[in-house]
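All chains are named by letter (A, B, ...) in the order of the sequence lines, taking the proteins before the strands, and each is independently numbered beginning at 1.
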Protein chains: 2
Amino acid sequence: MNHHPRTYSRVTHQTLALLGGRIRLARKQRKMSEADLAERVGIARSTLQAIEKGHPTVEIGLVFEAATLVGVPLFVDTPARLGTELARVSETMALLPRSVRRARGDLNDDF
Amino acid sequence: MNHHPRTYSRVTHQTLALLGGRIRLARKQRKMSEADLAERVGIARSTLQAIEKGHPTVEIGLVFEAATLVGVPLFVDTPARLGTELARVSETMALLPRSVRRARGDLNDDF
DNA sequence: CAAAAATGATCGATATAAGAGGCATAAAGT
DNA sequence: ACTTTATGCCTCTTATATCGATCATTTTTG
């Protein structure tokens with residue numbers, strides 16, 4: 001019964017919340033109800049609520065389906081130049097002292 | 001017993017495959033084995049394999065954790081967010097020691 | 001305003017993802 | 001060459017995410 005509760009990094013939580021919020025916003029802009037979108041994705045309304053709240057435990061495929069159905073870009077397809085620059089940035093970020101990264105708010109657990 | 005098999009759009013499949021591939025690549029670049037990364041994320045090796053294969057049914061939190069642990073940047077989609085993020089980055093860059101910025105090539109001799 | 005629709009929240013049942021392990025093959029290292 | 005180490009791919013079991021329903025608010029609309 002007592003399995004360790006899973007922990008997620010701050011980055012994960014932030015990203016999930018951002019993505020869920022985007023989906024919710026895009027859905028409303030398209031004037032769809034939760035029931036509307038849930039039906040189109042083929043999931044229960046309660047599941048869509050979990051998605052829009054950014055719960056870490058929902059299946060990634062369901063999240064991506066909802067996102068694409070309301071037109072939220074999933075990127076990953078960024079231009080090469082942007083991709084390499086972001087990679088460079090994240091590499092460099094690892095060099096920052098923990099105190100600085102904490103101040104930035106993007107300290108994800110270890111290193 | 002006879003629940004409909006779930007279907008996913010091509011975009012979802014492509015994005016998942018791309019993301020999984022990037023995680024796999026980044027893991028190898030860091031010379032980590034599947035067992036290494038799986039242990040750090042706190043998941044079974046079989047689950048990590050599912051992630052790197054881009055299976056739609058894995059929990060999104062686990063995928064994002066794996067991605068961040070190996071430094072795969074998660075979606076920075078819209079130009080607006082990109083702008084603010086880059087601004088934040090350049091601010092933070094000013095905090096870097098000169099030695100690091102020189103290594104990055106950001107330091108153009110003078111000052 | 002009242003009626004209708006949308007949302008937030010909870011819950012039991014059950015389909016299923018994740019874990020743990022095993023085994024064979026492939027790479028890497030010595 | 002041999003010996004680790006890593007990977008691919010199974011099965012079985014267990015933990016749990018999803019469903020579908022219900023109810024209370026909140027928001028919209030007529």
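- Across every non-hydrogen atom of A:E59 and B:Y8, the tightest pair is OE1-OH, 3.7 Å.
- The phosphate of D:dT18 (OP1 or OP2) has no side-chain N or O of A:T47 nearer than 4.0 angstrom.
- With hydrogens and angles disregarded, a donor-acceptor distance shorter than 3.5 Å links the side chain of B:R6 to the backbone of A:G42.
- The closest side-chain heavy-atom distance from B:L19 to B:V72 is below 4.5 Å.
- The side chain of A:R6 contributes no N or O atom lying less than 4.0 Å from OP1 or OP2 of C:dA17.
- No contact: B:G61 has no heavy atom under 4.0 Å from any strand.
- Counting to the nearest Å, the P atom of C:dA18 and the CD1 atom of B:I43 are 9 Å from each other.
- Using modelled atom types, one side-chain atom of B:E65 and one backbone atom of A:S9 make a donor-acceptor pair closer than 3.5 Å.
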Give the B/S/- string for nucleotides 4-12 of chain D, one per nucleotide from 5' to 3', where a protein heavy atom under 4.0 Å of the base yields B, of only the sugar-phosphate yields S, and otherwise -. --SBBB---

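- Rounded to whole Å, atom P of D:dA17 lies 14 Å from atom CG of A:L16.
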Assess the residue pair A:I23 and A:V63 against the criterion (side-chain contact (heavy atoms from CB on, under 4.5 Å)); give the C-alpha distance rounded to whole Å, side-chain angles, the decisive distance to 0.1 Å, and a yes or no. CA-CA 9 Å; A:I23 291 172; A:V63 180; 4.2 Å; yes

Taking only distance into account, with no hydrogens and no angle test, what donor-acceptor pairs under 3.5 Å do side-chain atoms of residues 50-58 of chain A form with protein atoms, sequence neighbours excluded?
| unit_1 | atom_1 | unit_2 | atom_2 | d |
| --- | --- | --- | --- | --- |
| A:E52 | OE1 | A:R27 | NH2 | 3.2 |
| A:E52 | OE2 | A:R27 | NE | 2.8 |

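- C:dA17 atom C1' lies 12 Å from atom CD1 of B:I51, rounded to whole Å.
- For the pair A:H55 NE2 and D:dT16 C1', the computed distance is 15 Å after rounding to whole Å.
- As a whole-Å value, the separation of B:L62 CG from D:dA17 C1' is 12 Å.
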